[in-house]
2 protein chains.
Amino acid sequence: MKDSNRSGCPINLTLEILGDRWSLIVLRDMMFGNRRHFRELLTKSEEGIASNILADRLKRLVAEGLITKEDDPSHKQKALYSLTEMGIALVPVFAMMGAWGRRFLPVTEELSIRAELLEDGGPDMWAAFADELRAIHMGAPMPARSVFGELQAAYEAAVARRAG
Amino acid sequence: MKDSNRSGCPINLTLEILGDRWSLIVLRDMMFGNRRHFRELLTKSEEGIASNILADRLKRLVAEGLITKEDDPSHKQKALYSLTEMGIALVPVFAMMGAWGRRFLPVTEELSIRAELLEDGGPDMWAAFADELRAIHMGAPMPARSVFGELQAAYEAAVARRAG
DNA sequence: CAAAACTGCTTGCATAATACAATCAGTTTT
DNA sequence: AAAACTGATTGTATTATGCAAGCAGTTTTG
């Protein structure tokens with residue numbers, strides 16, 4: 001993973017940044033799970049990322065401009081990670097990847113309900129979600145609609161359905 | 001890259017198959033460059049994939065069901081690789097990734113003109129392109145519209161523009 | 001018809017990425 | 001004061017990638 005610039009193709013350049021097994025997982029958890037701190041990302045991840053890999057990816061994503069890192073005022077040791085516009089702009093990519101995965105791979109209902117909503121919601125929903133992420137991560141005014149809330153409610157309903 | 005199934009999340013499962021630096025490059029070249037043979041993929045790739053990596057990726061993509069491999073009737077040693085429906089269904093993912101890369105990364109005009117067309121064309125164009133790929137790779141009847149031709153023409157015009 | 005070029009790979013070796021467990025110094029909570 | 005929590009780092013082992021060379025069989029070329 002060096003910044004070799006193998007070619008100026010948009011697909012290639014995207015893969016040079018995101019083409020590994022963990023970068024998009026970290027961004028997914030920040031975006032859809034609202035995880036902003038190291039330990040949250042480390043321990044609440046379904047997939048179990050290793051701490052050295054997480055540290056490396058966070059550093060790299062900051063360097064590439066997809067996220068920022070700042071001190072958390074509430075705790076002298078806490079670092080707060082936030083999505084940038086570049087990170088938020090991945091919403092449609094996540095939507096399409098989720099749709100593809102849902103169609104062809106052995107997903108679990110619980111973990112794919114958000115992907116289903118996002119696929120059905122289409123570009124309007126993606127834009128509303130991006131607006132909300134700009135509010136949460138970039139200090140923009142909070143919009144009326146909470147796509148995050150819709151996704152989270154659907155997820156929690158699916159969990160409750162399974163449990164009960 | 002083992003089939004560990006870290007989780008049933010559609011994003012994660014997609015990354016377990018496509019989350020590396022080469023799989024999507026190979027698929028891109030098959031899809032947009034119409035490369036169907038090993039040497040074509042090896043030597044005509046902008047990025048310069050190594051032969052052992054290419055061999056591994058082709059094997060893996062066949063195993064995962066994104067492409068198929070068959071004997072080329074015209075040459076006893078040639079293997080012909082074709083996209084499956086699962087591979088063709090990545091068209092929207094490529095479109096969204098290309099759009100993101102074009103917006104945030106230092107793409108070259110020549111190599112991003114196809115991404116621009118695909119982004120502007122939207123879901124209708126993606127569907128037409130998928131139809132055409134089904135004809136080329138899966139023996140379906142050839143549709144009237146050739147998105148491949150449109151993309152190729154735009155690319156060649158961009159190359160000519162730079163050269164002359 | 002022999003030489004050259006082409007076919008899809010494989011092999012060997014060096015470097016880089018990933019996984020896993022343990023650890024750490026400072027901070028906050030109990 | 002002890003325990004738990006903070007964002008990491010370190011060490012070691014395994015796996016992936018990159019690079020160059022080679023290989024047996026096939027087709028093209030002179």
Worksheet, complete the sentence: Between CG of A:D56 and P of C:dA16 the distance, given in whole Å, is 14 Å
Worksheet item: Expressed in angstrom and rounded to an integer, what is the separation of A:F38 atom CZ from C:dC24 atom P?
Response: 17 Å
Fill in: Sidechain N-carboxylate O distance under 4.0 Å for A:E109, A:R161
yes
Item to complete: Map A:H75 and A:G48 onto DNA chain C by nearest heavy atom, then report which one ends up closer to the 5' terminus.
Response: A:G48
Worksheet item: How close or far is atom P of C:dC20 from atom CG of A:N52, stated in whole angstroms?
Response: 10 Å
Fill in: Spacing of A:L58 atom CG relative to D:dT6 atom P, expressed in whole Å
15 Å
Worksheet item: Are the side chain of A:E132 and the backbone N or O of A:F148 linked by a donor-acceptor pair below 3.5 Å?
Response: yes
Worksheet item: Does the distance from a Lys or Arg side-chain N to an Asp or Glu carboxylate O, for B:E47 and B:R28, drop under 4.0 Å?
Response: yes
Item to complete: Please check the phosphate of C:dA17 (OP1 and OP2 only) for any side-chain N or O of A:W22 closer than 4.0 Å.
Response: no
Worksheet entry | Whole angstrom value for the distance that separates P of D:dA8 from CD1 of A:I53 | 15 Å
Discussion item. If I take atom CG in residue B:D20 and atom P in nucleotide C:dA16, what distance separates them, rounded to the nearest angstrom?
Written reply: 19 Å
Fill in: Shared hydrophobic cluster for B:L27 and B:L80 (ILVMFWY, side-chain gaps under 4.5 Å)
no
Worksheet item: Does OP1 or OP2 of D:dG25 have a side-chain N or O of B:K78 closer than 4.0 Å?
Response: no
Worksheet item: Tell me: CG of B:D72 to C1' of D:dT26, nearest whole Å?
Response: 13 Å
Response to the item:
Between B:K76 and A:Y81, whichever has its closest DNA chain D nucleotide further toward 5' is A:Y81
Worksheet item: Looking only at N and O atoms, is any donor in the side chain of A:Q77 or the base of C:dT27 less than 3.5 Å from an acceptor on the other one?
Response: no
Practice prompt. Please confirm whether A:F32 and A:Y155 have ring centers closer than 6.0 angstrom.
Written response: no
Discussion item. Between P on D:dT26 and NE2 on B:H37, what's the gap in Å once rounded to a whole number?
Written reply: 16 Å
Worksheet item: Hey, does the side chain of B:R57 come within less than 4.0 Å of D:dT17's phosphate (OP1/OP2), counting only N and O?
Response: yes
Fill in: G-U wobble or Watson-Crick pairing nucleotide for D:dT15 (cut-off 3.5 Å, both distances)
C:dA16
